Amino acid sequence: MHSKFRLLVPVFGLLVMAAGPDGQVIAHSGNGNGAMACTTCHGQNFQGNTSVGAPALAGLPATNIVARLRHYAGPNGHNAMMRQVATALSPDERHAVAAYLASLPRSR
C-alpha cells in the first residue's frame, strides 16, 4: 500500500514530511469538497451494485481507475454522478483512491 507521506517540504530550514490525500478515507467518506464516498454507489466493500449500474472497484488496476476518473471529468464523461465525483477530486486524490481500491481483494 502507498504511504500517505509523499512530499518533503522545507519548513524553517528543516525538511518535513507532508501528508498526501488518504485514499481509504476518501473512498469511504468522500473528500468534503463535493466528491461523495465511493461506497455510496459501489457498495461497502466496493463489490459493485448492479441495481444502479455501479461496477465493482475492489482489486481493479489503479491505472484503470485513474483513467476512468479522468474520462468522467473530461468532456466525454456523460455519467452525471461520476462527473460530479471525478471533477471534485484533485489528481492526487484520484491517484490515492485508485491505489487504495487496487490494494483491496478483488470482488467475487
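It should be emphasised that the depicted structure is a prediction, and the values quoted were computed from it without experimental measurement.
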Sequence neighbours excluded and cut-off under 3.5 Å, please list the side-chain donor-acceptor pairs for residues 32-44, or say none.
residue: T40; atom: OG1; partner: A37; partner atom: O; Å: 3.0
residue: H42; atom: ND1; partner: P55; partner atom: O; Å: 2.8

- Message: According to side chain to side chain contact (heavy atoms under 4.5 Å, CB included), who are the partners of L60, at least two apart in sequence or on a separate chain?
- Response: L57, I65, R106
- Message: If the condition is side chain to side chain contact (heavy atoms under 4.5 Å, CB included), which residues does N49 pass it with, not counting sequence neighbours?
- Response: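 Per chain and number, N49 pairs via side chain to side chain contact (heavy atoms under 4.5 Å, CB included) with S51, V52, A54.
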- Residues in side-chain hydrogen bond (donor to acceptor under 3.5 Å, both in side chains) with N79, at least two apart? none
- Query: Taking only residues two or more places apart in sequence or in another chain, which ones pass side-chain hydrogen bond (donor to acceptor under 3.5 Å, both in side chains) with T50?
  - Reply: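 By the side-chain hydrogen bond (donor to acceptor under 3.5 Å, both in side chains) rule, T50 matches no residue at all.
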- Query: Do Y100 and H95 meet the criterion of a side-chain donor-acceptor pair at a distance under 3.5 Å?
  - Reply: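 No, no side-chain donor-acceptor contact under 3.5 Å.
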- Taking all atoms of both residues into account, what is the closest heavy-atom pair of A96 and P21, and its distance? CB-O, 3.5 Å
- Of all the heavy-atom pairs spanning L89 and E93, show the shortest one and how long it is. CA-OE1, 3.3 Å
- Task: Give the cluster check for M82 versus V66: same hydrophobic cluster or not, with ILVMFWY residues linked at side-chain heavy-atom distances below 4.5 Å.
- Result: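 Each belongs to a different hydrophobic cluster.
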- Rounded distance [0.5 Å steps], CG in L104 versus CD in Q47: 11.0 Å
- Item | Gap separating the OG atom of S90 from the CD1 atom of I26, nearest 0.5 angstrom | 7.0 Å
- Does any N or O in the side chain of R83 come within less than 3.5 Å of the main-chain N or O of H78, such that one atom is a donor and the other an acceptor? no
- So, is the end of the R68 side chain (NZ or CZ) under 6.0 Å from the ring centre of Y72 and within 45° of the ring's axis? yes
- Item | ring-ring contact (aromatic ring centres under 6.0 Å, His included) partners for H71, two or more places apart | none
